Amino acid sequence: MTARILDGKATAATIKAELAERVTALAAKGVRPGLGTLLVGEDPGSVSYVAGKHRDCAEVGIASIREDLPADATQEQIEAAVARLNADPACTGFIVQLPLPRGIDTNRVLELVDPAKDADGLHPTNLGRLVLRVNEEIDSPLPCTPRGIIELLTRHGIELAGADVVVIGRGTTVGRSIGLLLTRRAVNATVTLTHTGTEDLAEHTRNADVIVAAAGVPGIVTPDLVKPGAVVIDVGVSRVTDPETGKSRIAGDVHPDVAEIAAWRSPNPGGVGPMTRAMLLANVVESAERSA
Ligand SMILES: Nc1nc2c(c(=O)[nH]1)N[C@@H](CN(C=O)c1ccc(C(=O)N[C@@H](CCC(=O)O)C(=O)O)cc1)CN2
């Protein structure tokens with residue numbers, strides 16, 4: 001058996017087309033969503049992710065606002081840029097591109113973002129709403145990568161209600177927050193969060209219907225960790241140098257041989273990444289719709 005592909009690129013393209021229609025509907029009401037980005041420094045990965053976000057905006061008709069600061073920007077300069085984006089009426093949602101340079105208090109910066117403009121859905125107020133509102137509709141931004149993963153699964157007809165999901169990795173953007181979404185009554189999955197302190201990873205993953213690998217450890221999910229017929233989502237993005245070509249490439253957390261065991265797998269690249277970007281646009285459009 002070779003796993004079927006959860007095509008994030010194609011799914012994201014469909015979502016972007018849907019969002020473009022909503023942007024047109026907003027324009028008829030005189031409202032234009034605008035995404036702001038705050039980029040500090042010139043890390044090539046971050047520069048290219050931010051450029052991608054603005055390309056996506058152009059595709060669906062969202063306005064782009066940029067705050068670019070040098071790598072040696074001070075905490076105060078970064079906080080002032082956040083204040084400008086909070087105050088800018090053209091900016092209906094924005095992100096602070098992570099990671100910020102060493103020495104900057106990231107949590108302090110993120111807490112200064114206006115929760116209504118938090119396009120990443122990672123502000124403590126918005127995460128707190130997810131904790132508190134298990135049964136209700138959520139009318140605030142949701143974390144992009146977890147939301148993108150759930151959207152990818154449901155749009156491929158994968159049932160999450162009653163599924164045993166094992167998450168590997170306890171980072172804020174994925175590991176810690178995805179359980180809050182998956183265990184909502186509307187989704188109804190059962191979630192186990194594993195991490196580097198988990199004594200026997202295989203003991204958990206071998207029983208999982210769905211594995212979400214977000215450890216940032218290339219190839220950590222080997223075939224012996226996977227139940228035949230499971231769904232495997234690869235979130236890891238480690239940059240490695242290919243020994244054969246000498247070129248840098250993305251290495252995911254999932255070993256390629258897992259394709260022979262799993263029923264479904266997300267490719268990497270081409271899986272979770274494009275969905276994260278699409279969900280960022282969805283958060284921006286939705287916050288503009290709420291304010292309209
Ligand atoms: N404020 C944030 N910072 C960061 C986040 C985030 O969600 N919010 N996540 C990552 C980077 N990231 C978005 O910012 C991101 C990374 C990768 C992709 C993506 O689409 N990747 C492509 C491959 C691209 C390539 O070849 O280089 C794919 O998976 O197909 C989207 C978003 C850290 N910072």
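Just so it is clear, the values below take in all heavy atoms, side chains as well, and ignore hydrogens, waters and symmetry mates. Each ligand, and each atom within it, is numbered from 1 in the order the structure gives. Nothing here was measured: the structure is a model prediction, and the numbers come from that model.
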*Can you list, by chain and residue number, every protein residue with a non-hydrogen atom closer than 4.0 Å to ligand 1?*
Y49, K53, V96, Q97, L98, D120, R239, I250, P269, G270, G273, P274, T276, R277
*From E286 CD over to R22 CZ, what is the distance, rounded to the nearest 0.5 angstrom?*
5.0 Å
*Value rounded to 0.5 Å, distance of CD1 in I211 from CG in L225*: 6.5 Å
_Presence of salt bridge, R133 and D139, under 4.0 angstrom_ = yes
*NZ (K9) with more than 12 external heavy atoms under 6.0 Å*: no
_CA sep, side-chain torsions, deciding dist, call: T198, H204, side chain to side chain contact (heavy atoms under 4.5 Å, CB included)_ = CA-CA 9 Å; T198 299; H204 298 280; 3.7 Å; yes
*For side chain to side chain contact (heavy atoms under 4.5 Å, CB included), just list the numbers for K227 and T205, CA-CA rounded to whole Å, side-chain angles, deciding distance to a tenth of an Å, and then say yes or no.*
CA-CA 8 Å; K227 179 171 83 173; T205 58; over 6 Å; no
